Amino acid sequence: MRANTPENMTPEDQRDQHEQPNQPDQQIGEQKLINDRLAKTAQLRSRGIDPYPPRFDRTHTTAEAVKLFEDLEGASSARDEGEQLRTATIRVAGRIMARRGQGKASFIDLKDGHGPVQVFARQNTMGDDAYAIIDLLDIGDIIGVEGPVIRTRRGEISVEATEITVLTKSMRPLPDKWGGLQDQEVRFRQRYLDLITNERAMKNALLRSNVVRVMRDFMHGRGFIEVETPILVPVAAGAQATPFKTHHNQLDRDLYLRIATELYLKKLIVGGIERVFEIGRLFRNEGLDHDHNPEFTTIESYQAYADYNDVMEMVENMVAHIARETTGSMVLPEVEGVRPEIDLTPPWPRLDLRTEIKERTGIDFVETPDVESLSQAMRERGIHVEEGSVWGRLLDKVISSEIEPNLIQPHFLVDYPVEMSPLAKRKPGTDGIVERFEAFVVGSELATHSPSSTTRSTSVNASNNRSGCETSLVTLRPTGWTRIFWWRSNTECHRRAGWDSASTA
RNA sequence: GGCGGGCUAGCUCAAUUGGCAGAGCAAGUGACUCUUAAUCACUAGGUUCGGGGUUCGAGUCCCCGGCCCGUCACCA
């Protein structure tokens with residue numbers, strides 16, 4: 001819009017015009033918005049107001065303020081009709097999310113960590129001088145509000161301001177109050193903006209904290225003790241993944257960031273602890289996408305004298321318990337267009353791997369015992385065959401592309417061929433089958449009890465350095481093990497719908 | 001790494017066949033003492049991701065580069 005600009009002016013001419021003395025305040029773009037706020041900050045200071053005071057004595061959260069009024073309303077019932085109810089004076093604090101001027105009155109939507117509350121500010125309530133501060137407020141500022149809680153004529157429970165205190169003057173505009181912040185990169189790199197703007201981001205952060213707390217309680221309730229084991233390790237053992245490498249200067253020695261917690265937990269079992277778990281970060285130097293972050297959190301547990309049936313029982317009960325404790329139900333509601341309702345109620349079906357593959361694809365891995373026959377069967381069904389893959393790797397591809405995406409409701413796949421997990425416990429009475437399971441929910445892997453070193457064979461262990469050679473010195477008891485992946489992405493991960501969308505419940 | 005989609009005002013998004021770069025929110029000024037996506041009037045705000053090319057004329061077409069998203073592959 002250049003209504004005042006002659007059509008034949010170049011952009012340079014216009015810029016020159018902007019810099020002329022009669023338009024000294026002309027600013028462009030975002031800088032103008034910031035300068036407006038700097039000017040308001042200066043005005044606050046000139047009135048003797050500190051725009052960044054050191055503390056504020058809050059008496060109520062927004063949620064408590066609303067409840068305070070509701071309790072008063074409930075107690076006074078209908079007999080005080082006609083008289084406006086008014087609580088005692090309280091003080092709330094939060095960020096200005098929106099404001100609506102109405103002549104010599106204003107409404108401010110205030111949000112703190114517990115939710116929103118409306119502030120109702122009137123000039124004849126606050127007085128002319130105190131009300132004047134309204135003009136110096138912007139969306140994004142943090143303010144403290146003192147006054148009683150009332151219900152406005154239109155029914156909104158509001159703090160009726162007698163005094164407003166600027167706690168933090170904000171310099172940059174917030175994202176659109178209605179459209180919010182959409183750019184995923186900005187959301188992840190400026191997480192604070194996402195938390196301010198998108199209610200779901202805040203809910204997810206709180207949900208995650210609850211998930212961890214409940215998970216921890218669950219494990220303690222089952223007699224597991226929690227430990228922390230080394231993250232900087234001389235040998236990155238316990239999984240097949242590329243580790244991050246680092247160096248300790250004083251020792252002049254290369255170290256690795258752990259790729260699993262497995263080895264040290266196993267040592268604790270050897271040492272006599274019977275049930276142990278660790279929640280912590282693992283680091284894997286590999287590609288990243290929405291399902292894979294180089295650093296991610298797992299819980300890993302070991303339970304002496306247990307087998308994979310015991311561990312499956314634990315996993316399904318843990319997950320269902322967490323869902324119930326954090327969302328109120330073991331059934332996660334449908335997310336439109338993303339996934340159907342998910343029922344986590346145990347027990348989850350145990351699917352025999354061989355049977356499942358046969359039913360889904362027609363491939364019987366017992367009848368395709370070598371790379372050639374399995375590759376042939378895969379090609380016939382249009383499954384990508386990566387040249388040079390070993391047999392176990394090929395079968396893993398069949399599972400991940402044909403079985404896993406279909407396991408929307410929670411399931412366990414059990415009893416894997418030994419070629420896929422050469423170090424796992426053999427299943428008694430079978431030929432070439434190991435006691436391995438993987439749990440799947442919403443088409444992706446949730447937990448595993450698998451490949452390495454639940455065996456107690458020293459010879460096998462000694463042959464595989466990365467799977468825990470040190471434990472081969474002392475024999476491991478029969479032990480059940482699991483590793484549960486969750487929130488592999490540090491950032492919000494919409495494809496992990498099982499956890500993520502629980503927050504929308 | 002392959003293929004596909006995208007990058008325009010602080011934010012969310014338009015722009016027909018290549019023909020004057022727009023709107024809503026946010027911001028500024030004014031009106032309004034019960035609004036809640038407040039309303040009304042006016043104002044300002046642009047290196048259309050970067051570079052090169054074709055053209056009378058490029059947000060639009062071509063080439064090079066960057067970044068984001070999706071997908072397949074890799075990886076687990």
Side-chain angles (χ1 to χ4, degrees), chain A residues 1-5 7-8 11-12 14-15 18 23 25-37 39-40 84 96-110 116-126 131 134-135 138-140 150-158 160 170-189 193 196-197 238-242 259-260 282 284-294 296 298 384-389 393 396-397 399-401 404 420 438 444-445 448 450-451 483 485 488 494-495:
Chain A
M1 195 176 296
R2 297 227 173 86
N4 298 332
T5 305
E7 286 180 12
N8 58 354
E12 287 72 22
Q14 292 170 28
R15 196 169 303 128
H18 289 166
Q23 292 181 325
D25 297 331
Q26 193 64 260
Q27 301 288 342
I28 56 168
E30 187 177 19
Q31 191 58 44
K32 177 182 183 298
L33 301 175
I34 293 171
N35 287 352
D36 286 344
R37 290 167 180 237
K40 289 176 181 173
Q84 188 172 30
I96 298 175
M97 301 306 292
R99 43 194 306 234
R100 295 170 291 282
Q102 181 70 40
K104 293 178 172 59
S106 291
F107 298 88
I108 296 170
D109 291 342
L110 196 70
V117 71
Q118 180 172 265
V119 173
F120 180 33
R122 288 196 299 175
Q123 191 170 41
N124 61 0
T125 303
M126 299 180 68
Y131 187 79
I134 296 280
D135 288 336
D138 285 294
I139 289 173
I150 63 163
R151 188 186 285 279
T152 62
R153 273 177 222 156
R154 295 293 287 269
E156 184 81 14
I157 294 175
S158 309
E160 187 181 40
S170 170
M171 281 302 116
R172 298 185 60 191
L174 288 180
D176 183 83
K177 69 180 174 186
W178 199 244
L181 189 63
Q182 296 299 324
D183 187 298
Q184 291 210 36
E185 193 188 2
V186 175
R187 287 178 57 198
F188 293 163
R189 293 198 178 156
L193 283 180
I196 291 168
T197 309
Q240 293 175 9
T242 308
I259 59 173
L282 304 184
R284 297 186 179 180
N285 205 342
E286 60 195 33
L288 54 158
D289 57 32
H290 267 147
D291 285 327
H292 297 82
N293 195 311
F296 60 100
T298 65
H384 177 85
V385 175
E386 183 68 15
E387 293 302 320
S389 297
R393 178 79 193 114
D396 189 46
K397 178 64 186 173
I399 297 168
S400 63
S401 68
E404 185 171 333
M420 291 182 70
E438 293 196 343
S444 63
E445 181 185 346
T448 182
S450 64
R483 174 183 296 149
F485 302 90
R488 291 203 78 166
H494 63 268
R495 299 185 67 190

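Please read these numbers as outputs of a predicted model, since none were measured by experiment. Within every chain, numbering begins at 1; the chains are lettered A, B, ... in the order of the sequence lines, protein sequences first and strands thereafter.
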Can you tell me the Watson-Crick or wobble partner of [N], both distances under 3.5 angstrom?
N     : value
B/G22 : B/C13
B/C7  : B/G66
B/G1  : B/C72
B/C34 : none
B/U54 : none
B/U47 : none
B/A41 : B/U29

Do [X] and [Y] have side chains that approach each other closer than 4.5 Å (heavy atoms only, starting at C-beta)?
X      : Y      : result
A/R122 : A/E160 : yes
A/I399 : A/E438 : no
A/K104 : A/N124 : no
A/P116 : A/D109 : no

Distance check needed: [N] [atom2] versus [X] [atom1], whole Å only.
X      : N     : atom1 : atom2 : result
A/I157 : B/U35 : CD1   : C1'   : 16 Å
A/K32  : B/A27 : NZ    : P     : 10 Å
A/Y131 : B/C34 : OH    : C1'   : 12 Å
A/H384 : B/G2  : NE2   : C1'   : 12 Å
A/K40  : B/U29 : NZ    : C1'   : 12 Å
A/L110 : B/U35 : CG    : C1'   : 16 Å
A/D135 : B/G30 : CG    : P     : 9 Å
A/F107 : B/A38 : CZ    : C1'   : 9 Å

Quick one: which of B/G28, B/U33, B/C34 gets closest to the side chain of A/R153?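 Minimum distance to the A/R153 side chain belongs to B/C34.
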Where the side chain of A/P173 is defined as all heavy atoms beyond and including C-beta, which of B/A27, B/A26, B/U33 is the nearest nucleotide?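 My answer, after comparing the listed nucleotides, is B/A26.
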Whether A/R151 contacts B/C34 is assessed here as follows: a side-chain N or O lying under 4.0 Å from the phosphate OP1 or OP2. Is that the case?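 Checking B/C34 against A/R151, no side-chain N or O comes under 4.0 Å of OP1 or OP2.
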Counting only N and O atoms by type, is there a donor-acceptor contact under 3.5 Å from the side chain of A/R100 to the main-chain atoms of A/F107?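 Such a contact is absent between A/R100 side chain and A/F107 backbone.
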Roughly how far apart, to the nearest Å, are B/A15 and B/A23 at atom C1'?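 It works out to 11 Å between them.
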